[in-house]
Amino acid sequence: MGICLLNKLVGLCLICLCFISCSSRITVLNKGVAGNNSRDLLKRIEKDVLQEKPDLVVMMVGSNDMVNSGKLVAYPEFKENYERLLKKMTSSGVTVVVMSPPPVDTAYILKRHDRILYDEPLDHKLDSLNRLVGQIAKANGIHFIDLYTLFKSKGSPSRAPGSLTMNQANFGKEDGIHPTKRGYMLIAETLYRYLKKNKLLRKSKKIICFGDSITYGAFMEGAGTSTGDTYPSFLKNMITTGQQY
C-alpha cells in the first residue's frame, strides 16, 4: 500500500513538472500602443503581429474609436476595420480571442474632450461598441470576452477608491478610462480562465496581446511590456505558475 501511494505521488509530481515545463515555454508579448484606434492597428498588424508568427492573439480595441475626440471612427468603418483585422489573423492560421473595452467615466472624459464632437452619449457609444464586437465575433466564429459587462457588474467605473477604473480617489487623477492594478489583474484572470476552459493554452507557444493603452498598461509599472503590473504580465505569470491572484 505504501509503494502504491509513493507511485501516485511520483506520478503527480511528474504531471506538475510537465505542466511547469510546458508553461515556461510560452511567450507572452505586449503589443499595446497608447492612443491607438482600429485604423492604427491595421497599419501595424503586419509588423507587430503577423511577422511574429503567434499561435494566439488577444485583441482589444475600440476605446479611442469611440471616446478619443482626436481618433473617432464611425461604427461602419470600425466594423470594417475590425473584420479586416480578424481576417488578416485568421487567414494566417492564428487563433484569435477578442475582448470588448471596459466602460468609461463619461464626466471625466468630457472634462478633456469637447462634448460637441460626439453625436451620442459616451456611455451609449461604449455599450453599442460592446454589442458590435460581440456580434462581429459571433459572425466570424471568434472567441469573445465581454469586459464591458464584467466591469459594470463590479460597479466600475465609480468615484470610489475601490473602483477598478482610475479616478481621483485611487489614482489622484480624473482619468476614467484606464484600469487600476486590480482592474488589470481582473482582465488577466478572466482571460486566463477563458483560455484554460477552452483549451487554448495547449497549442499556444507564443501569445500576443494586441491593442491600445489598456493592453499597453498605461500608468502601470512595466507599461508596454509583459512585466510589472500590465495585464499581459499578470497573464504570463498565471500561465507559468498555473495559479491565479
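Numbers here are sequence positions counted from 1.
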What distance separates [X] [atom1] from [Y] [atom2], expressed to the nearest 0.5 Å?
X      : Y      : atom1 : atom2 : answer
Lys71  : Asp65  : NZ    : CG    : 9.0 Å
Glu80  : Leu42  : CD    : CG    : 9.0 Å
Met220 : Met166 : CE    : CE    : 3.5 Å
Leu201 : Ile239 : CG    : CD1   : 5.0 Å
Leu191 : Met238 : CG    : CE    : 8.5 Å
Leu235 : Ser226 : CG    : OG    : 8.5 Å

Is the side chain of [X] donor-acceptor paired with the backbone N or O of [Y] at a distance under 3.5 Å, no angle test?
X      : Y      : answer
Asn167 : Ser158 : yes
Ser156 : Leu164 : yes
Asp40  : Asn37  : yes
Thr190 : Leu186 : yes
Ser163 : Arg159 : no
Asn30  : Pro232 : no
Ser100 : Leu147 : yes
Ser204 : Asp55  : no
Tyr118 : Val67  : yes
Asp114 : Ile116 : yes

- Heavy atoms from other residues, nucleotides or ligands near OH of Tyr216 exceed 12 (cutoff 6.0 Å): no
- Are more than 12 heavy atoms from other residues, nucleotides or ligands located less than 6.0 Å from atom NZ of Lys181? no
Mind listing the closest non-hydrogen atom pair of [X] and [Y] along with its distance?
X      : Y      : result
Ser92  : Leu50  : OG-CD2, 3.8 Å
Phe219 : Lys173 : CZ-NZ, 3.5 Å
Gly62  : Asp212 : N-OD2, 4.1 Å
Leu122 : Met66  : CD2-O, 4.2 Å
Val49  : Pro54  : O-CD, 3.1 Å
Lys206 : Lys53  : CD-O, 4.1 Å

- Quick one: salt bridge (Lys or Arg N to Asp or Glu O under 4.0 Å) partners of Lys154, sequence neighbours excluded?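 Lys154 satisfies salt bridge (Lys or Arg N to Asp or Glu O under 4.0 Å) with no other residue.
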Would a 4.5 Å heavy-atom cut-off, applied to side chains only, mark [X] and [Y] as touching?
X      : Y      : value
Phe144 : Ile142 : no
Val133 : Phe78  : yes
Ser63  : Ile214 : yes
His178 : Phe171 : no
His113 : Asn68  : yes
Tyr231 : Met60  : yes
Leu126 : Pro103 : no
Asn130 : Asp146 : yes

- Query: Does Arg131 count as lying over the ring of Tyr148, i.e. NZ or CZ under 6.0 Å from the six-ring centre, within 45 degrees of the axis?
  - Reply: no
- Decide whether a cation-pi geometry holds between Lys125 and Tyr75; the criteria are a distance under 6.0 Å from NZ or CZ to the six-membered ring centre and an angle within 45° of the ring axis. yes
- Between Glu174 and Arg112, is the closest basic N to carboxylate O distance under 4.0 Å?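 Salt bridge flag = no for Glu174 with Arg112.
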- Carboxylate-amine/guanidinium proximity below 4.0 Å for Glu83 and Lys87: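 No, Glu83 and Lys87 are not salt-bridged.
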- Item | Step-by-step side-chain contact (heavy atoms from CB on, under 4.5 Å) determination, Arg39 to Glu77 | CA-CA 9 Å; Arg39 293 172 185 164; Glu77 183 190 345; 2.7 Å; yes
If you group Ile, Leu, Val, Met, Phe, Trp and Tyr by side-chain heavy-atom gaps below 4.5 Å, do [X] and [Y] land in one group?
X      : Y      : answer
Leu56  : Met59  : no
Val97  : Tyr184 : yes
Val58  : Met89  : no
Val73  : Leu86  : yes
Phe210 : Leu129 : yes

- Could you walk me through whether Tyr82 and Leu41 pass the side-chain contact (heavy atoms from CB on, under 4.5 Å) check? CA-CA 9 Å; Tyr82 209 91; Leu41 264 60; over 6 Å; no
- Query: Strictly by modelled atom types, are Asp123 and Thr106 linked by a side-chain donor-acceptor pair under 3.5 Å?
  - Reply: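 Note: Asp123 and Thr106 side chains miss the donor-acceptor criterion.
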- Can you find a side-chain donor-acceptor pair between Arg44 and Asn36 that sits under 3.5 Å? yes
- Message: Using side-chain contact (heavy atoms from CB on, under 4.5 Å), reason through Val28 and Phe234 one step at a time and then give a plain yes or no.
- Response: CA-CA 10 Å; Val28 178; Phe234 290 130; over 6 Å; no
- Show the numbers, then the answer: is there a side-chain contact (heavy atoms from CB on, under 4.5 Å) between Tyr194 and Met99? CA-CA 11 Å; Tyr194 186 93; Met99 303 193 294; over 6 Å; no
